[in-house]
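Just follow the structure's listing: the first ligand is 1, and inside any ligand the first atom is 1.
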Amino acid sequence: MTDSVFFDFSMLSRHNCHKLLTATVVPRPIAWVTTLNEDDTLNVGPFSFFNVAAEEPPLISIAIGGGERFEGDLKDTGVNIRRTEEFVVNLVDYSSAEAMTKTAVNFASGISEAAFAAIETHSSSHIRTPRISHSPAALECKLYRSIDLGLGQSLVLGQVVGVHVNREAVLDVDRCYVDTPRLDLIARMYGNGWYTRMTDWFQQITPPHP
Ligand SMILES: Cc1cc2nc3c(=O)[nH]c(=O)nc-3n(C[C@H](O)[C@H](O)[C@H](O)COP(=O)(O)O)c2cc1C
């Protein structure tokens, strides 16, 4: 890149830094996170500051922003994860795009996004928190660390205790082969409500050491 515009984050507002990060770090997978509220009702919310973080132990990371209703407070998802020390990351397929966005609506805690988005759930295998039935891959997680990032934000590391994969997408159970295109997952792009599907693949194999 010979001709570039440098955006110095120390000179920019939080909002503009956010715009630049989310417009360039794309596509981002979406963790559709289920947690249990204090009264055991279900809380659901999507998070795209999400990825695999480590192999051993198997960890995923999610960055949870500050709550909007109370300056400095974590969102309900963060509060629930800290209290229950468990959650499910439900990956999102194309057919769930609309339901997923409905669960991003900022209801008061105690009001069920799951009911608003008509989400059905199944029980999990190793944790109490249910998973979303329609998700083609759902990772059961136990809290590994929650790192306070200030301003009500936290970086949650979850240890994956197991993953439910839609049987139709499992090629070989013993060898753990999954037909990833079959999952039809979507990912977050930039701006107002833009997403992408995984329909444009190419293969580029890493060469062996010369
Ligand atoms: C596709 C998508 C991705 C999002 N990613 C994040 C994220 O990474 N971090 C975050 O704090 N909020 C994110 N949000 C906003 C939350 O989903 C929203 O604040 C939601 O109400 C949180 O739910 P809760 O209050 O029940 O925890 C995202 C919203 C959408 C639609």
What part of Asp76 sits under 4.0 Å from ligand 1 if we count only heavy atoms: the side chain, the backbone, both or neither?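 Looking at Asp76 and ligand 1, atoms from backbone and side chain both fall under 4.0 Å.
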What part of Gln153, side chain, backbone, both or neither, has a heavy atom within less than 4.0 angstrom of ligand 1?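 Neither; no heavy atom under 4.0 Å.
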Give the atoms of ligand 1, by number and element, whose distance to some non-hydrogen atom of [X] is under 4.0 Å.
| X | value |
| --- | --- |
| Arg188 | 1 (C) |
| Ala63 | 7 (C), 8 (O), 9 (N) |
| Lys75 | 10 (C), 11 (O), 12 (N), 15 (C), 16 (C), 18 (C), 19 (O), 22 (C), 25 (O), 27 (O) |
| Gly65 | 10 (C), 11 (O) |
| Ile64 | 11 (O) |
| Glu113 | 26 (O) |

Is it true that the side chains of [X] and [Y] contain a donor and an acceptor less than 3.5 Å apart?
| X | Y | value |
| --- | --- | --- |
| Arg131 | Ser124 | no |
| Asn37 | Asn80 | yes |
| Ser135 | Trp32 | no |
| Thr77 | Asn43 | yes |
| Asp184 | Ser95 | no |

Shortest non-hydrogen contact from Phe9 to Leu20?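 Between these two residues, the closest heavy atoms are CE1-CD1, 3.7 Å.
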Distance-minimising heavy-atom pair for Glu86 and Arg128: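 So the two residues come closest at OE2-N, 3.0 Å.
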Quick one: which of Ser48, Ser154, Ala31, Gly152 has a heavy atom closest to atom 5 (N) of ligand 1?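 Heavy atom nearest to atom 5 (N) of ligand 1 belongs to Ser48.
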From Gly193, Pro46, Gly45 - option closest to atom 14 (N) of ligand 1 by heavy atom: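 Minimum heavy-atom distance to atom 14 (N) of ligand 1 goes to Pro46.
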Of all the heavy atoms in Thr101, does at least one lie under 4.0 Å from an atom in ligand 1?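 Thr101 does not count as a contact of ligand 1 under the 4.0 Å cut-off.
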Under 4.0 Å, counting heavy atoms only: does Tyr195 come that close to any atom of ligand 1?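 Checking ligand 1 against Tyr195, which is what was asked, there is a heavy-atom contact under 4.0 Å.
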Are Arg188 and Tyr195 in a cation-pi setup, meaning NZ or CZ lies under 6.0 angstrom from the ring centre and within 45 degrees of the ring axis?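 Yes, a cation-pi geometry.
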